[in-house]
Amino acid sequence: MKSFKDYQTPTEEEKATPFTAEELTKKIASAYNGKSNMEMMKSILSEAEKSKRAGTLSNAELENFYQTFSPMIDGAQRKKLRSIIDKLKSI
């Protein structure tokens, strides 16, 4: 993907494939363009939970995701994201 305009809704097969932290960061950043906070958070939670349960996303990768993604969002969003990351780490 070269720009946000190139983002396409994932196919069912792509939705079933777990993501690494780096892939998740890129996917969420691309998908966030034009989305509300609620949509962004649901997307993060859904994809990360799927990957965490599949064993392809570690707590260290979750923390890396947070450190990478948090500068792109405001304080309130950052606080919500921190809460989500902590919840995912307990899975």
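This chain uses plain numbering: 1 for the first residue, then up along the sequence.
Between the S70 side chain and the R78 main chain, no donor and acceptor come within less than 3.5 Å of each other. A donor-acceptor pair under 3.5 Å is absent between the side-chain atoms of E49 and the main chain of S46, judged by distance alone.
When all heavy atoms of I91 and R53 are compared, the closest pair comes out as CG2-NH1, 3.7 Å.
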Before giving the answer on side-chain contact (heavy atoms from CB on, under 4.5 Å), spell out for K80 and I73 the whole-Å C-alpha distance, their side-chain angles and the decisive distance to 0.1 Å.
CA-CA 10 Å; K80 287 179 186 177; I73 56 180; over 6 Å; no
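Looking only at side-chain heavy atoms (C-beta outward), E61 and T56 stay at 4.5 Å or farther from each other.
Here S58 contributes atom OG and F65 contributes atom CZ; the two are 13.5 Å apart, rounded to the nearest 0.5 Å.
Checked against side-chain contact (heavy atoms from CB on, under 4.5 Å), R82 has the following partners two or more places apart in sequence or in another chain: E63, Y66, I85, D86, K89.
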